[in-house]
Amino acid sequence: MKVTVKKKENTVPVVIGTEFIKLEAAMKFANATESGGMAKAAIQEGEVTVNGEVCTMRGKKLYPGDRFTYENITYLVCIHEAE
């Protein structure tokens, strides 16, 4: 018998109602940072990863399914489905 152990993912959903959101705005929207200035500094200093890779482009477009990580917290971009 083969046992597979999966690491529990602790992701915070970031629900958007648009096609995409820019990284800097997503960080503010998710309350990952207190201000846009803090988000800008964190991105430019290479403290943020997008889909597992360091990203220094604060205007990087994130689409549903994309993930960004800041201070060991991973955020998952999700789309809000209209009812």
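Bear in mind the structure is a predicted one, so any value in this text is a computation, not a measurement. Values below: all heavy atoms of this structure, side chains included; hydrogens, waters and symmetry mates excluded.
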On a heavy-atom basis, which atom in P13 and which in C78 lie closest, and how many Å separate them? CB-SG, 4.1 Å
Which residues pass the ring pair (Phe, Tyr, Trp, His ring centres under 6.0 Å) test with Y75, not counting sequence neighbours? F68
For residues 14-22, dump all side-chain donor-acceptor pairs below 3.5 Å to protein atoms at least two apart in sequence or in another chain.
residue	atom	partner	partner atom	Å
T18	OG1	F20	O	2.8

Counting only pairs under 3.5 Å, give me each side-chain donor-acceptor contact of residues 53-63, with atom names and distances, residues two or more places apart or in other chains.
residue	atom	partner	partner atom	Å
R58	NE	E24	OE1	2.9

Pairs under 3.5 angstrom only: tabulate donor-acceptor contacts from the side chains of residues 37-48 to other protein residues two or more places apart or in another chain.
none

Hydrophobic clusters here meaning ILVMFWY residues chained together by side-chain heavy-atom distances under 4.5 Å, can you tell me if V50 and L76 are in one? no
Hey, could you give me each pair passing ring pair (Phe, Tyr, Trp, His ring centres under 6.0 Å) that has a residue in residues 33-62? Not counting sequence neighbours. none
Looking at residues at least two apart in the chain, or sitting in another chain, which of them share a side chain to side chain donor-acceptor pair (under 3.5 Å) with T33? none
